[in-house]
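Working notes, structure below.
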Number of protein chains: 2
Amino acid sequence: MDWLLFLIFLATCFAAGATGALFPPGDWYKSLSKPPWTPPDWVFPVTWTVLYLCIAAAAARAAPIDGSAYAMAFFALQIALNTLWTPVFFGLRKMAGGMVVIVALWTAVAITLVLFWRLDLVAGLLFVPYLVWVSIAAALNFSVWRRNTGAGAVSPG
Amino acid sequence: MDWLLFLIFLATCFAAGATGALFPPGDWYKSLSKPPWTPPDWVFPVTWTVLYLCIAAAAARAAPIDGSAYAMAFFALQIALNTLWTPVFFGLRKMAGGMVVIVALWTAVAITLVLFWRLDLVAGLLFVPYLVWVSIAAALNFSVWRRNTGAGAVSPG
């Protein structure tokens, strides 16, 4: 693996991950009704740190391979959506808006995974935990949104 | 140009640009002391729309070229930083934090421009207006930050 390339992609993930520190969950999130399977708060930064290492390693393996144009386009799309989600959910407290972003993110991650897999098996495998975690995060976003808005009501977020 | 690839990169820019609608300047920005050369508010969305079209076109030209790995790594870095700036500046109202992000963004855009230029002259040229505009935005961020914090004081932002 090209380590300089890995570090540039890691810096990219760091830019996305900085939103976690800049827009912390805080009292608002604590006050929300959450499903019983909600992971404890400390799990999120730990998981994201591991995921960002996997994401950067996957990109550093895939990017130099001929024919990676679409893979890198979807990689750029997913990292922009990843950066966007936290400010929308925790910054603006828009639970419905967060849902829109995370469904788009899930789709972009899934497509990137498939395209990475075709280029390099290891790169594809390194994206699997990311897709699993975004699935959990999307389910949590959905559950929190439904639990904290009136049944059938249009969400203010 | 591969138009499907262009549309994926345009969606990426749209994710970054959505922050402009989600975190509008509002009364806080209006109340700040600004330099006399500050562009009027309507200039920003118009300029960004044109820039995003140029950015997506540049990426769609550069990505399929062999040896584009570093270019696409810095492209991913700049789009993450681009997505990050607006929530930091307008969402959190962190003028010093915004300065950190925009200096990193300027650097990533400049490096992407050089790497795109080496791959494809047109792709490099399409990034020139972006670098010019980020330079203006960085100067504006700096000026607003200095004008709205005490001389020599540590900024609360």
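Per chain, numbering begins at 1; letters A, B, ... match sequence-line order.
Only the side chain of B:Asp2 has a heavy atom closer than 4.5 Å to any heavy atom of chain A. Heavy atoms closer than 4.5 Å to chain A are found in both the backbone and the side chain of B:Tyr70. Both the backbone and the side chain of B:Phe74 come within contact range of chain A, each with at least one heavy atom under 4.5 Å from a heavy atom of that chain.
Side-chain contact check for B:Leu22 versus A:Leu84: some heavy-atom pair is nearer than 4.5 Å. Taking the side chain as every heavy atom from C-beta outward, A:Ile79 and B:Leu77 never approach each other to under 4.5 Å.
Options A:Thr86, A:Leu4, A:Ile65, A:Thr19 differ in how many heavy-atom pairs under 4.5 Å they form with chain B, and the most are formed by A:Leu4. For the options B:Ala62, B:Ala73, B:Ser68, heavy-atom pairs under 4.5 Å to chain A are most numerous at B:Ala73. Of the listed residues (B:Ala104, B:Ala11, B:Ala80), the greatest number of heavy-atom pairs within a distance under 4.5 Å of chain A belongs to B:Ala80.
Nearest heavy atom pair, residue B:Ala76 against residue A:Phe9, reads CB-CE2, 4.3 Å. Taking all atoms of both residues into account, the shortest heavy-atom contact from B:Ala69 to A:Leu5 is O-CD1, 3.8 Å.
Residues B:Val128 and B:Tyr130 are members of one and the same hydrophobic cluster, defined by side-chain heavy-atom contacts under 4.5 angstrom among Ile, Leu, Val, Met, Phe, Trp and Tyr. Both B:Leu131 and B:Phe142 are members of a single hydrophobic cluster when ILVMFWY side chains are connected at heavy-atom separations under 4.5 Å. A continuous path of ILVMFWY side-chain contacts below 4.5 Å connects B:Trp48 to B:Val101, so both sit in one hydrophobic cluster. Tracing side-chain contacts under 4.5 Å through hydrophobic residues (I, L, V, M, F, W, Y), one never reaches A:Val114 starting from A:Phe116; they form parts of separate clusters. A:Trp37 and A:Tyr29 fall within the same hydrophobic cluster, where Ile, Leu, Val, Met, Phe, Trp and Tyr residues are linked whenever their side-chain heavy atoms come under 4.5 Å apart, directly or through other members.
Surrounding CH2 of B:Trp133 are more than 12 heavy atoms belonging to other residues, nucleotides or ligands, all under 6.0 Å away. Within a 6.0 Å sphere centred on CH2 of A:Trp42, heavy atoms belonging to other residues, nucleotides or ligands number 12 at most.
In this structure, A:Phe75 CZ and B:Ile8 CD1 are separated by 15.0 Å, a value rounded to the nearest 0.5 Å.
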